[in-house]
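As structure tokens, the structure follows; a few thoughts come after it.
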Amino acid sequence: VLFRSSVFILPPSMQELRHRLERRAEDAREVIERRLENARKEIARWKEYDYIIINDDLQRSFDDLISILRSERQRRPRQERGIEKFVMQLLNE
């Protein structure tokens, strides 16, 4: 059984996203404008995701992502097969 969860990482503002793209100095102005327009389209779909992180602080955003991953690993359906034998042993003690 395959379980999927999705995480959407939002910029703190469109202005900050623009600054981040410009600071990279990798893309021409037209490419940055196209990327920003694509970002707006993607951001508009935020409700399609299971988790949302606003990336206004890199360390906190990273910690939030790690927390989500840890929590998802603990979901019952993900552990069911591996833990069933353990639970049966507990019940038979």
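- A salt bridge between Arg75 and Glu80 is absent, with no side-chain N of the basic residue lying under 4.0 Å from a carboxylate O of the acidic one.
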Per-pair distances, 0.1 Å, donor-acceptor, side chain in residues 83-93, under 3.5 Å, sequence neighbours excluded:
{"residue": "Asn92", "atom": "ND2", "partner": "Met88", "partner atom": "O", "Å": "3.0"}

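- There is no path of hydrophobic side-chain contacts, each under 4.5 Å, that joins Ile68 to Leu10.
- Other residues, nucleotides and ligands contribute at most 12 non-hydrogen atoms within 6.0 Å of the CD1 atom of Ile54.
- Ile9 is not connected to Tyr49 by any chain of hydrophobic side-chain contacts under 4.5 Å among Ile, Leu, Val, Met, Phe, Trp and Tyr, and they are in different clusters.
- For Arg24, the side-chain hydrogen bond (donor to acceptor under 3.5 Å, both in side chains) test picks out no residue, with sequence neighbours left out.
- Rounding to the nearest 0.5 angstrom, the gap separating the OG atom in Ser6 from the CD1 atom in Ile52 is 7.5 Å.
- Applying the side-chain contact (heavy atoms from CB on, under 4.5 Å) test to Ala28 and every residue at least two apart in sequence or in another chain returns Glu30, Val31.
- Leu58 and Leu17 are assigned to two separate hydrophobic clusters, defined by single-linkage of ILVMFWY side chains at heavy-atom distances under 4.5 Å.
- Between Arg29 and Glu22, some side-chain heavy-atom pair lies under the 4.5 Å cut-off.
- Of all non-hydrogen atoms in Arg4 and Arg78, the two that sit nearest each other are N-NH2, 4.2 Å.
- For the ring-ring contact (aromatic ring centres under 6.0 Å, His included) test, no residue two or more places apart in sequence or in another chain qualifies with Tyr51.
- Gln74 places none of its side-chain heavy atoms less than 4.5 Å from the side chain of Arg70.
- Residues satisfying the salt bridge (charged side-chain N to carboxylate O under 4.0 Å, His left out) test with Asp63, not counting sequence neighbours, are none.
- Put simply, the side chain of Glu33 reaches to within 4.5 Å of the side chain of Arg18, judged on heavy atoms.
- The structure places CG of Leu65 at 14.0 Å from CZ of Arg60, a figure rounded to the nearest 0.5 Å.
- For the atom pair CD1 (Ile32) and CD (Glu26), the distance works out to 9.5 Å, reported to the nearest 0.5 Å.
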Checking Asn55 against Arg20 for the side chain to side chain contact (heavy atoms under 4.5 Å, CB included) test, could you report, in this order, the C-alpha distance in whole Å, the side-chain angles of both residues, the deciding distance, and whether it holds?
CA-CA 12 Å; Asn55 187 13; Arg20 289 176 183 180; 3.5 Å; yes
Contacts under 3.5 angstrom, residues 35-44 side chains, donor-acceptor by atom type, not counting sequence neighbours:
{"residue": "Arg35", "atom": "NH1", "partner": "Asp27", "partner atom": "OD2", "Å": "3.0"}
{"residue": "Asn38", "atom": "ND2", "partner": "Arg34", "partner atom": "O", "Å": "3.4"}

